[in-house]
Amino acid sequence: MPATAISPTRAEDYPEWYQQVVRAADLAEQSAVRGCMVIKPHGYAIWERMQKILDGMFKATGHVNAYFPLFIPLSYLEQEAKHVEGFAKECAVVTHHRLELGPDGRLIPTGKLEEPLVVRPTSETIIGATYAKWIQSWRDLPVLVNQWANVVRWEMRPRVFLRTAEFLWQEGHTAHATAEEAVEETLRMLDVYATFAERDLAMPVVKGPKPAAERFPGAVDTYSIEAMMQDGKALQAGTSHFLGQNFARAQNIKFAGTSGAEEFCWTTSWGVSTRLIGAVIMTHSDDDGLVLPPRIAPQHVVILPISRTDEERTAVLEACRKVEAALTATTYADEPIRVKIDARDIRGGDKVWQHVKQGVPVRVEIGPRDLAAGAASVSRRDRGPKEREAVALAELPARLPGILDEIQRGLFERARSFRDARSQRLGSRAEVEAFFGTGDSAGAGGFARVHVADDPAVAAAFDPLKVTVRCIPMEGPDEPGTCVVTGRSVPRPSVLARAY
RNA sequence: CGGGGCGUGGCGCAGUCUGGCUAGCGCGCUUGGUUUGGGACCAAGAGGUCGAGAGUUCGAAUCUCUCCGCCCCGACCA
């Protein structure tokens, strides 16, 4: 029996550990198509949790859902120069619309399209073109639409959930009458993402604008939330873009203002993707597999009946059903506790470990001995796999919301402590180089808070370290300082890190 | 796309250098039994065109060539 359920451990081989967790937790698997994944039911259930919570937050901030086409006319993509530049290298292109059986029995594409279609890598262009038709007057504004969709970016180096050729996401696209409103929207959605990440994913994030080099192609400003994974690397977990009038000009999104003059709209876009599943895995999971924050766990509690004889089984199952009913009638985070009995006829130990590896926050084991004592054995995923506590059956409904809340908070605190311990204020280029080291050892480095100018020289300086400027954190007052590369004075420090 | 590693039953691997008995091992799976607050034990079994194709050879998992895929590093990348 190995000491840990996942092998190798994080310390031994972090990238391989990540893949093993994905497999052990049954989240996803490789597909026949390069760079594409099959998201398995357990992985998809986590995505559904994310969708549900985020969708509610979008609705609460005045947005509505719609759906735009998968295929984008090639000419649309050409409309915004920087946008083309940014995405041209990773587009799947549809050139034919028909297959014919060839003489050797193989299918041959025929029916060449007059204009090739691009499978959307993102939808600014086709949505912008649509908005141009929707919007005529200031009375039509703002337009606040979100879509849940898949997108395709032909990535050279895919990694399950973190970077796949096709992935699922949501993309919000809004149009406004003024720059101020659009900026406000951009920041509002950034806050929505930050709140979601910290409250629901228990994942502390740093939010702020990106340097010019890291901007979304076509954006005036890109803001992101950046999280630290357990190997010290940064993961961009969500982005919100102020697009200025770039797309409005390119696509003629205009409105008649109150004075009657025609003006270009100010637009925004913002998105998070199934990459968040990877983020959750790498933020919380341990050497025994997945660890899920309760708020996004498809299942909060699994009840495990333990019995030897048929008689015991009947009694135990009945007790389990009562507990299930009582817990289902109890709420945690404004939703009924999600609980299931696992009565499968497999060995108890195996069963326990399956749930450990899948990250179920709480296990409730009920056997004859527990029943005799009127209690259950409660185990938590944030504690050791063998630890358990006896809780009176009658008290379970009262206790569980508190336990789940404790787990949720505990995971956040643990992740924050980890990040803070790996974050440092640095005052010189030499310190930055020492902090990240030159080696490739996993776990080297973390977040370095350093004053740097938004300048190509800065990127060039840290390029050999594989370190990039992730964002310029917004929290707190200005702390002016001198750029450690250019010597220019800048208002606030940036976060530098190696990134996924 | 460049450098490196790898592809053998569901998972993890040995065997490949130095071609040759019916291709093995651990875990998992099936059945029976013994157990049982626990990732058990015993026994019997099922499961593999050794990534694909071509070639060399009496004989290829093993040698040669081509291709495909995966992982790591780089390039690249909201």
Side-chain angles (χ1 to χ4, degrees), chain A residues 1-8 13-20 23-24 26 29-37 82-83 85-91 121-124 151 153-160 162-165 167 169 171 193 209-211 213-219 221-226 235-241 243 269-273 275 288-289 304-309 312 316 346-357 363 365-373 375-377 379 385-386 388 390 439-440 442 463-464 466 468 470-471 498-500:
Chain A
M1 178 195 321
T4 57
I6 302 297
S7 165
D13 185 343
Y14 195 81
E16 181 62 22
W17 163 84
Y18 173 76
Q19 294 182 80
Q20 292 301 332
R23 192 205 315 272
D26 215 22
E29 66 185 42
Q30 201 57 54
S31 79
V33 182
R34 179 190 158 74
C36 295
M37 61 179 164
K82 293 219 171 90
H83 195 64
E85 215 181 295
F87 285 108
K89 281 166 280 181
E90 50 183 24
C91 285
T122 178
S123 303
E124 273 74 9
V151 285
R153 295 178 187 179
W154 217 259
E155 300 289 352
M156 290 195 241
R157 211 169 120 194
R159 290 158 177 252
V160 186
L162 300 177
R163 185 180 290 110
T164 47
F167 56 92
W169 78 345
E171 46 181 326
Y193 289 153
K210 303 283 256 182
E214 303 270 327
R215 244 175 240 152
F216 174 75
D221 283 309
T222 285
Y223 297 81
S224 74
I225 52 171
E226 301 280 334
L235 184 83
Q236 177 175 296
T239 49
S240 187
H241 315 291
L243 303 174
S269 68
W270 28 273
V272 296
S273 72
R275 171 179 252 204
D288 286 324
L304 302 162
I306 296 152
S307 60
R308 283 173 288 194
T309 64
E312 283 179 354
V316 164
I346 60 172
R347 294 199 58 79
D350 294 341
K351 208 189 275 188
V352 167
W353 280 98
Q354 279 184 22
H355 294 289
V356 169
K357 286 186 277 195
R363 303 186 299 280
E365 304 179 22
I366 301 177
R369 218 144 76 201
D370 298 300
L371 279 191
S377 300
S379 312
K386 310 269 186 201
R388 47 177 111 139
D440 51 1
D463 186 62
K466 297 175 229 160
T468 49
R470 303 316 304 155
C471 71
R498 295 199 174 115
Y500 274 97

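Order of the sequence lines sets the chain letters (A, B, ...), proteins ahead of strands, with each chain counted from 1.
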Exercise for the section: Mind checking A/Thr222 for me? I need base, sugar-phosphate or nothing, with any heavy atom below 4.0 Å counting as a touch. Expected result: nothing

Problem - Donor-acceptor under 3.5 Å (A/Arg388 side chain, A/Arg363 main chain) - result: no

Practice task
Go through B/rC76, B/rC72, B/rG39 for me and flag the one nearest to the A/Arg347 side chain.
Solution key: B/rG39

Exercise for the section: Between B/rG74, B/rG37, B/rC73, spot the one nearest the side chain of A/Arg159, thanks. Expected result: B/rC73

Problem - Interatomic distance where CD belongs to A/Glu29 and P belongs to B/rC71 [whole Å] - result: 14 Å

Exercise for the section: Could you tell me whether A/Pro368 contacts a base, only the sugar-phosphate backbone, or nothing, with contacts defined as non-hydrogen atoms closer than 4.0 Å? Expected result: base

Problem - Residue A/Asp370, side-chain atoms from C-beta onward, closest of B/rG37, B/rC73, B/rC77 - result: B/rG37

Problem - Pairing partner (Watson-Crick or G-U wobble, both distances under 3.5 angstrom) of B/rC6 - result: B/rG69

Handout entry: A/Tyr193 and A/Trp270 aromatic ring geometry - parallel, tilted or perpendicular at 30°/60° bounds
Key = perpendicular

Completion exercise
Taken to the nearest whole Å, CD/A/Gln30 to C1'/B/rC6 is 14 Å

Problem - Atom C1', compared across B/rC21 and B/rU62: separation rounded to whole Å - result: 16 Å

Exercise for the section: List the steps, then state whether salt bridge (charged side-chain N to carboxylate O under 4.0 Å, His left out) holds for A/Lys351 with A/Glu365. Expected result: CA-CA 11 Å; A/Lys351 208 189 275 188; A/Glu365 304 179 22; over 6 Å; no

Practice task
Quick one: label A/Gly35 by what it contacts on the DNA or RNA (base, sugar-phosphate, nothing), any heavy atom closer than 4.0 Å.
Solution key: sugar-phosphate

Exercise for the section: Measure from the side chain of A/Asp350, starting at C-beta and using heavy atoms only, and say which of B/rA40, B/rG37, B/rC72 lies closest. Expected result: B/rA40

Handout entry: A/Gln20 side chain, from C-beta outward: closest of B/rC72, B/rG37, B/rG12
Key = B/rG12

Problem - Any A/Arg157 side-chain nitrogen or oxygen under 4.0 Å from OP1 or OP2 of B/rC73 - result: yes

Problem - RNA chain B: 5'-proximal contact among A/Val160 and A/Glu171 (nearest heavy atom) - result: A/Val160

Completion exercise
In whole angstroms, the gap separating P of B/rG69 from CE of A/Met37 amounts to 19 Å

Handout entry: Base paired to B/rA23 (Watson-Crick or G-U; both N/O distances under 3.5 angstrom)
Key = none

Problem - Stepwise side-chain hydrogen bond (donor to acceptor under 3.5 Å, both in side chains) check, A/Gln236 with A/Ser224 - result: CA-CA 7 Å; A/Gln236 177 175 296; A/Ser224 74; 4.6 Å; no

Problem - Nearest-angstrom distance, C1' atom, B/rU16 to B/rA61 - result: 7 Å

Handout entry: Side chain of A/Glu365 - closest among B/rC73, B/rC77, B/rG37
Key = B/rG37

Problem - Donor-acceptor contact present, side-chain A/Arg163 to main-chain A/Pro158, <3.5 Å - result: no

Exercise for the section: Ignoring backbone atoms, establish whether A/Lys89 has a side-chain N or O less than 4.0 Å from OP1 or OP2 of B/rC77. Expected result: yes

Handout entry: Side-chain N or O of A/Arg153 closer than 4.0 Å to phosphate OP1/OP2 of B/rC76
Key = no

Practice task
With P as the reference atom in both, quote the distance from B/rC77 to B/rA40 in angstrom, rounded to an integer.
Solution key: 50 Å

Exercise for the section: Answer with base, sugar-phosphate or nothing: what part of the nucleic acid does A/Glu214 contact at a heavy-atom distance below 4.0 Å? Expected result: sugar-phosphate

Problem - Nearest-angstrom distance, C1' atom, B/rG55 to B/rA60 - result: 11 Å

Problem - Length of the line joining A/Arg163:CZ and B/rC73:P, which is rounded to integer Å - result: 11 Å

Exercise for the section: Please tell me which of A/Arg215 and A/Ala376 maps to the more 5' nucleotide of RNA chain B, matching each residue to the nucleotide holding its nearest heavy atom. Expected result: A/Ala376

Practice task
With C1' as the reference atom in both, quote the distance from B/rG69 to B/rA52 in angstrom, rounded to an integer.
Solution key: 10 Å

Fill in the blank from the handout: If pairing means Watson-Crick or G-U wobble with both distances under 3.5 Å, then the partner of B/rA43 is B/rU31

Handout entry: Length of the CD-P vector between A/Glu155 and B/rC70, whole Å
Key = 14 Å

Exercise for the section: Rounded to the nearest angstrom, tell me the gap between atom CH2 in A/Trp353 and atom C1' in B/rC27. Expected result: 15 Å

Exercise for the section: In whole angstrom, give me the gap between the P atoms of B/rG28 and B/rC11. Expected result: 15 Å

Exercise for the section: Measure the distance from CD on A/Glu90 to P on B/rA75 and round it to the nearest whole Å. Expected result: 16 Å

Exercise for the section: Could you tell me whether a side-chain N or O of A/His241 sits under 3.5 Å from a main-chain N or O of A/Thr222, the two making a donor and an acceptor? Expected result: no

Exercise for the section: Report which part of the nucleic acid A/Ser224 touches: base, sugar-phosphate, or nothing (heavy-atom distance under 4.0 Å, all strands). Expected result: nothing

Problem - Pairwise P distance, B/rU56 and B/rU22 [rounded to whole Å] - result: 23 Å

Problem - Nearest-Å distance once atom C1' is located in both B/rG24 and B/rG48 - result: 11 Å

Problem - Spacing between A/Ile346 atom CD1 and B/rU36 atom C1', to the nearest angstrom - result: 14 Å

Problem - Backbone of A/Pro121 reached by a side-chain donor or acceptor of A/Arg153 within 3.5 Å - result: yes

Exercise for the section: Indicate, with a heavy-atom threshold strictly under 4.0 Å, whether A/Arg388 touches base, sugar-phosphate, or nothing. Expected result: base

Practice task
Keeping the roles fixed (side chain from A/Lys210, backbone from A/Asp221), state whether a donor-acceptor pair exists under 3.5 Å.
Solution key: no

Fill in the blank from the handout: Checking N1-N3 plus N6-O4 or O6-N4 for Watson-Crick, or N1-O2 and O6-N3 for wobble, each under 3.5 Å, the partner of B/rA61 is none

